[in-house]
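Here is the structure we will look at, set down as structure tokens.
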Amino acid sequence: MRLTPLGKAALQAAGVKIVPVQENEEAHIRIKNELLTPIQRKLFDIISNGKPMSRAKLAKEAGYDHEEMSGFKKAVSTMKSLGVLEYIKNGGQDMVQLTDLAFPCGRGSSAGDRSATS
């Protein structure tokens with residue numbers, strides 16, 4: 001997700017200072033603090049490496065008995081609606097991963113590793 005030139009101009013005209021994200025970790029912090037509930041933050045952290053994970057494995061790692069539990073389904077669905085998480089199919093398996101919104105510096109780039117984007 002990015003601001004359009006028109007959106008950026010409108011925000012600046014309203015006195016909003018726009019500070020670009022310099023590292024993926026910074027984007028992760030902003031997303032978690034500004035958009036997510038505690039359980040969504042936990043899910044985010046589990047898949048924050050940017051790689052796809054099966055819904056079943058994500059549910060297990062988050063402490064759910066299975067992926068069909070309503071709390072898990074609601075958290076994942078809301079994260080998708082926010083544009084933070086996406087559903088993908090991999091070999092017929094239902095997978096999830098964070099969207100590019102969480103990786104403004106590219107996937108595989110971390111706070112101490114700028115070589116992935118250089």
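These numbers were taken from a predicted model, which means no experiment stands behind them.
- The salt bridge (Lys or Arg N to Asp or Glu O under 4.0 Å) contacts involving residues 46-55 comprise Arg55-Glu67, where partners must be two or more places apart or lie in separate chains.
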Compile the donor-acceptor pairs under 3.5 Å between side chains in residues 71-88 and protein atoms, sequence neighbours left out, one pair per line.
{"from": "Lys73", "atom 1": "NZ", "to": "Glu68", "atom 2": "OE1", "distance (Å)": "3.3"}
{"from": "Thr78", "atom 1": "OG1", "to": "Lys74", "atom 2": "O", "distance (Å)": "2.9"}
{"from": "Ser81", "atom 1": "OG", "to": "Ser77", "atom 2": "O", "distance (Å)": "3.2"}
{"from": "Glu86", "atom 1": "OE2", "to": "Gln97", "atom 2": "NE2", "distance (Å)": "2.7"}

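- Residues satisfying the side chain to side chain donor-acceptor pair (under 3.5 Å) test with Asn49, not counting sequence neighbours, are none.
- In this structure, CE in Met95 is found 5.0 Å from CG in Asn90, a value given to the nearest 0.5 Å.
- Closest non-hydrogen pair, Asp100 versus Arg107, comes out as OD1-NH2, 3.1 Å.
- Although no hydrogens or angles enter the test, the distance criterion places a donor-acceptor pair under 3.5 Å between the side chain of His28 and the main chain of Ala102.
- Smallest separation of non-hydrogen atoms from Cys105 and Glu23: SG-CA, 3.6 Å.
- Applying the under-4.5 Å side-chain rule to Ile, Leu, Val, Met, Phe, Trp and Tyr, the cluster around Ile29 consists of that residue alone.
- Residues satisfying the side chain to side chain contact (heavy atoms under 4.5 Å, CB included) criterion with Lys60, sequence neighbours excluded, are absent altogether.
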Which side-chain N or O atoms in residues 34-43 pair as donor and acceptor under 3.5 Å with protein atoms at least two apart or in another chain?
{"from": "Thr37", "atom 1": "OG1", "to": "Gln40", "atom 2": "N", "distance (Å)": "3.4"}
{"from": "Thr37", "atom 1": "OG1", "to": "Gln40", "atom 2": "OE1", "distance (Å)": "3.3"}
{"from": "Gln40", "atom 1": "OE1", "to": "Thr37", "atom 2": "N", "distance (Å)": "2.9"}
{"from": "Arg41", "atom 1": "NE", "to": "Lys32", "atom 2": "O", "distance (Å)": "2.9"}
{"from": "Arg41", "atom 1": "NE", "to": "Leu36", "atom 2": "O", "distance (Å)": "3.4"}
{"from": "Arg41", "atom 1": "NH2", "to": "Leu36", "atom 2": "O", "distance (Å)": "2.9"}
{"from": "Lys42", "atom 1": "NZ", "to": "Ala62", "atom 2": "O", "distance (Å)": "3.1"}

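- A 4.5 Å side-chain heavy-atom check between Pro104 and Asn24 finds at least one atom pair inside the cut-off.
- The CD1 atom of Ile47 lies 5.5 Å from the CG atom of Leu58; values are rounded to the nearest 0.5 Å.
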